[in-house]
Protein chains: 2
Amino acid sequence: MGTTQVEAAPEPKYWHLKTVLSEALDSEFSVGEILPNERDLAARFGVARATLRQALEQLELEGRLQRRRGVGTTVAPPRVGVAVASSADQEWPGEADGDAWQTVDSEPAVPPTAVAQVLGTAPGERVHRVRRTRVSQGRPVAAELLYVPASSVPELSAIDAPSGPARARAVLRELRRLGLEGQDRAVELGSARADDAKELDRLPGAPMLVVTTRFYSEGETAAMSVATYRADTCRLTFGDSGGVEIHHGPDRRAS
Amino acid sequence: MGTTQVEAAPEPKYWHLKTVLSEALDSEFSVGEILPNERDLAARFGVARATLRQALEQLELEGRLQRRRGVGTTVAPPRVGVAVASSADQEWPGEADGDAWQTVDSEPAVPPTAVAQVLGTAPGERVHRVRRTRVSQGRPVAAELLYVPASSVPELSAIDAPSGPARARAVLRELRRLGLEGQDRAVELGSARADDAKELDRLPGAPMLVVTTRFYSEGETAAMSVATYRADTCRLTFGDSGGVEIHHGPDRRAS
DNA sequence: AAGTGGTCTAGACCACCGT
DNA sequence: CGGTGGTCTAGACCACTTG
């Protein structure tokens, strides 16, 4: 074992490129700065543009870069910590989330089959669908759809009543009157639907962190929300002191 | 507004392709089934292989497909729900997580600078680094690195003492003797490092859900763990009844 | 050895943003 | 309008698994 085999399994060009770029970002660029365009970068590194793009894609996925069509590629700020749940957090949507969420509107809609199963509604049955948007530091970071069966808010007039923001607030108000017995959440990776993408200023298919929350009341699932967060810019925080600063930096490891 | 403009903004081929394939998966394929190879699929749809691959990539990201080099593309089973925290969950690692986690070993190591900052250790200072692996339904789903400053486990012999599984268990045991005052977590999107990738049977750069947990004791951060979960196969659950079945299906939306 | 997915190339055109 | 990133092509070769 004398020969120092550096490249026993040669790593792909885009992978090496990513590492090089990553280090350059740490040392030679500051947040918001614009990188050279892709054609120039590719030429500079002696690779095809597609290969260069593969590296940039990875860095964007990791929240290090931000790319905008027609504009350019910029160095992204550290991800924002977005509080999804505090420690003793058992609350209805809109109950104590301050000005983080902005209620958009409410319409009757048929929920996706997976949601209908959880809610226990008949397939094809319409429920209240409340749309909300979450803004953090001036930028939209999440879009939410909250599905509420008519049976959870019986005081509300017929489900086909006029839609709109006022209606949305009414649904949330009625929901708050129920006793909240518990809730559970799940986080998974998804991709932006066309409508979410537009709202969040991303392209369709962009990676999203999908948070589904189920609200229990009186032994039943009273409501269910599906919130999609921009995966490139968000760090979801759960716990006692949400939002502690952790930013990445040189991450080389010593043995 | 009389003309029915179906393609006002023509959607990209790969996007349309993804939709078509997604519906085919729902109706014509069952879990574990092998799809035709990429060259055949591309020919069948009349697109270049790269375009077809872009669609497959998306579907893999969403956990619908599984691709393995040298083998083929198969229909993935629904994501497994992996409990990350229960409701009243304030526990040290290894305290009550049953047989979910498997302790691998412990070595002295210099933590990444971001971790060192949180732990309050000097840059370059070595800490205990415990490695654990999480297995669910026979498959490895996560790899964890737990960083424990020597000051948190003072009873332990010098940090350079023999490494290995026994050492790892000793670190966890000592940690458990401390009073746990709180913890908070964050979830964000990351990509697999080369070593994690190998351990989790993925390629480097594969998308991962990175869960960082900070453990507080006596007003200090006593330890910090960084766990990376396979984003394609995992749904992280938090809450009262972790692991409720929610599987995707036809998700078309009616107005 | 044959077949699979993964990487890479060189080029073209398109959609979008700013001026 | 010119410049940017986004999409797409047709082909080549490589790394890996399996028979």
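Letters go in sequence order (proteins before strands), and every chain restarts at 1. Values below: all heavy atoms of this structure, side chains included; hydrogens, waters and symmetry mates excluded.
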A.B. asks: How long is the straight-line distance from OG1 of Thr73(B) back to CZ of Arg64(B), given to the nearest 0.5 Å?
C.D. replies: 14.0 Å
A.B. asks: Has the side chain of Arg39(A) got a donor or acceptor atom sitting under 3.5 Å from an opposite partner on the base of dG11(C)?
C.D. replies: no
A.B. asks: If you assign each of Pro12(A) and Pro36(B) to its closest nucleotide in DNA chain C, which residue comes earlier from the 5' end?
C.D. replies: Pro36(B)
A.B. asks: Just how far, in rounded Å, is P of dT4(C) from CG of Leu35(B)?
C.D. replies: 12 Å
A.B. asks: Please determine, for the side chain of Val71(B), which listed nucleotide (dC16(C), dC8(C), dT17(D)) has the closest atom?
C.D. replies: dT17(D)
A.B. asks: Only one of Leu189(B), Val187(B), Thr228(B) clears side chain to side chain contact (heavy atoms under 4.5 Å, CB included) with Val210(B); which?
C.D. replies: Thr228(B)
A.B. asks: Which part of the nucleic acid does Arg68(A) contact within heavy-atom distance under 4.0 Å: base, sugar-phosphate only, or nothing?
C.D. replies: sugar-phosphate
A.B. asks: For a quick check of understanding: with a heavy-atom distance under 4.0 Å over all strands, which category does Arg53(A) fall into, base, sugar-phosphate or nothing?
C.D. replies: base
A.B. asks: On the side chain of Arg69(A), is there an atom forming a donor-acceptor pair with the base of dG3(D) - under 3.5 Å, no angle test?
C.D. replies: no
A.B. asks: What integer distance in Å separates Glu38(B):CD from dC16(D):C1'?
C.D. replies: 14 Å
A.B. asks: Side chain of Leu203(A), heavy atoms from C-beta onward: which of dG5(D), dG6(D), dC8(D) has the nearest atom to it?
C.D. replies: dG6(D)
A.B. asks: Among dG6(C), dA12(C), dT9(D), find the nucleotide with the atom closest to the side chain of Arg49(B).
C.D. replies: dG6(C)
A.B. asks: Separation of Asn37(A) atom CG from dG3(D) atom C1', in whole Å?
C.D. replies: 8 Å
A.B. asks: Can you list the steps and then say if Arg67(A) with Leu56(A) is a side-chain contact (heavy atoms from CB on, under 4.5 Å)?
C.D. replies: CA-CA 9 Å; Arg67(A) 298 193 288 174; Leu56(A) 293 185; 3.7 Å; yes
A.B. asks: For dT4(C), does either OP1 or OP2 sit under 4.0 Å from a side-chain N or O belonging to Thr73(B)?
C.D. replies: no
A.B. asks: Calculate the interatomic distance between Gln66(B) atom CD and dT17(D) atom P; express it in whole Å.
C.D. replies: 14 Å
A.B. asks: Indicate whether any N or O donor in one side chain lies under 3.5 Å from an N or O acceptor in the other, for Tyr229(B) and Arg134(B).
C.D. replies: yes
A.B. asks: So, taking the atom named CZ in Arg202(A) and the one named CE in Met208(A), what distance separates them when rounded to the nearest 0.5 Å?
C.D. replies: 7.0 Å
A.B. asks: Take the protein atom CD of Gln58(B) and the nucleotide atom P of dG6(D), then report the distance between them rounded to whole Å.
C.D. replies: 13 Å
A.B. asks: Roughly how many Å is it from OH in Tyr14(B) to C1' in dT9(D), rounded to a whole number?
C.D. replies: 16 Å
A.B. asks: Report the distance from atom CG of Leu52(B) to atom C1' of dG11(D), rounded to the nearest whole Å.
C.D. replies: 16 Å
A.B. asks: Measure CD/Glu57(B) against P/dT7(D) and give the value in whole Å, please.
C.D. replies: 12 Å
